[in-house]
Number of protein chains: 2
Amino acid sequence: MIEKSIRVFIVDDHPMVIEGMTAMLQQTPSIEVAGYAMTAASCLGYFVNQTADVVLMDINLPDMSGIDLCKVLKQKFSDLRILGISNLSQGSYVQEMMKQGASGYVLKNASKEELVGAIHKVNQGKQHLSPDAGQAMRKEIEKQKEMPLITKREKEVLALIVQGLTNPAIADKLFISASTVDSHRKSLLAKLDAKNTAALVSYALNHHLVEEE
Amino acid sequence: MIEKSIRVFIVDDHPMVIEGMTAMLQQTPSIEVAGYAMTAASCLGYFVNQTADVVLMDINLPDMSGIDLCKVLKQKFSDLRILGISNLSQGSYVQEMMKQGASGYVLKNASKEELVGAIHKVNQGKQHLSPDAGQAMRKEIEKQKEMPLITKREKEVLALIVQGLTNPAIADKLFISASTVDSHRKSLLAKLDAKNTAALVSYALNHHLVEEE
DNA sequence: AGAAAAATCCCCTGAAAAGGGGAGGCGGAG
DNA sequence: CTCCGCCTCCCCTTTTCAGGGGATTTTTCT
């Protein structure tokens, strides 16, 4: 029985990883490396004239996040299967990736067997998540359930508190009264179970409730 | 002219990277991949009976930090040249690595040419730093010069402030008076150019002046 | 349309922190 | 030995925060 081999396209900015994946996949007859790109731009360029079945895509690209690239590719080529690749098993990334249409996620410390297996699975329209990635994603979902607490406004206030602004200063920035800011501050203290500003800021930074770092 | 090829040993917990580096290096006649290990333990096991000229070593290993492994290897085999490998160009790691006797540092996004070049350079007893890594290291040194400000006691107080303790509570913990704690707090505010507790905590966490995260 | 949640604003009191000053002891570096 | 930095402690005042209420409007979800 003759099967068409799966055409895989690799997007990663690390030459080592490209070489490694290529080396791994070349040993597998059912898989064929159709090409690779080291930037999102050149990846998109490739897909103008050519195509592939599965894209192995690093989340961290120099010119565009893998999440955005995933979105763009799926919009143009809905049949394309995308497999996210990253060394970090941060649930939030995994989640975002899947939301944007990725079919799976493997970590960079995946074995050859897992990688090949994942490609086959994804090519059949199934999903594949690395054990750690899946776990991280589940944890992330748990977390979000545990504390959907903070409202938009509170988050804004929190961000300004973290920046070292006082209530009056925050009031100015948000065009509300200092009393209101104080109300939000009190809610935050209660919700996050902090008993003063220091604990509040610590919590916010350690739980990534605010941007910047 | 016949030259002995350089025996390279690879230590990395990512199969992809091992495959990738092996693939890259096999194309280079002057270099021979003597073996590889995915854990510090198996690396040490290898060197009981065998040896190599250059070790390519990832900083992030599952069972031991690359920095510690570097130290151990250099103690036992001072002739061994060690080339650190990592995707993060964090200056502090680079510095630590070099302190422990590493001969160089390349980033995972290094090209085949750079990798091969670095191996040759290091094998000749020279040093090699990836451009980005070198830059990161210089920045780190700059940083440390910019602010050796905080004293031991201040750091202790800062850590407790970050944990959300008030002056009286800190005073209790450190067996000093609340007035003294306040003095330290004032010093911190002045030194770190923060105008309140929130800014202080932010600064401390963002600049890793305290443990835990 | 009606209930729930969020956002807005205000009062009060006491505690903590910010900002300013001064001062004594102690140990290391010049 | 003397100076300087660090640690220690205290005084003062003003501002900000914490904790407890209560109240109104707007948004959101059902």
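Reminder, nothing fancy here: chain letters follow the sequence lines and each chain counts from 1. All heavy atoms count here, side chains included; hydrogens, waters and symmetry mates do not.
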For a quick test of reading the model: is some side-chain N or O of [X] closer than 4.0 Å to OP1 or OP2 of [N]?
X        : N      : result
A:Asn196 : C:dA16 : no
B:Thr180 : D:dC10 : no
B:His184 : D:dC6  : no
B:Thr151 : D:dC6  : no
B:Ser179 : D:dC10 : yes
B:Thr166 : C:dA15 : no
B:Ser183 : D:dC9  : no

Q. So which one's nearest nucleotide on DNA chain D is more toward 5', B:Ser177 or A:Pro168?
A.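 By nearest-heavy-atom nucleotide position, the 5'-most residue is B:Ser177.
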
Q: Could you work out which one of C:dA17, D:dC11, D:dG19 sits closest to the side chain of A:Lys195?
A: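 It is D:dG19.
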
Q: Taking atom types as modelled, find out whether A:Ser183 and A:Thr180 have a side-chain donor-acceptor pair closer than 3.5 angstrom.
A: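 Side chains of A:Ser183 and A:Thr180: no pair found under 3.5 Å.
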
Q. Between A:Phe175 and A:Lys191, which has a closest nucleotide on DNA chain C that is more 5'?
A. A:Lys191

Q.
Can you tell me how the ring of B:Phe47 sits relative to the ring of B:Phe77, calling it parallel under 30°, perpendicular over 60° and tilted otherwise?
A.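 Tilted: the ring planes of B:Phe47 and B:Phe77 meet at 30° to 60°.
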
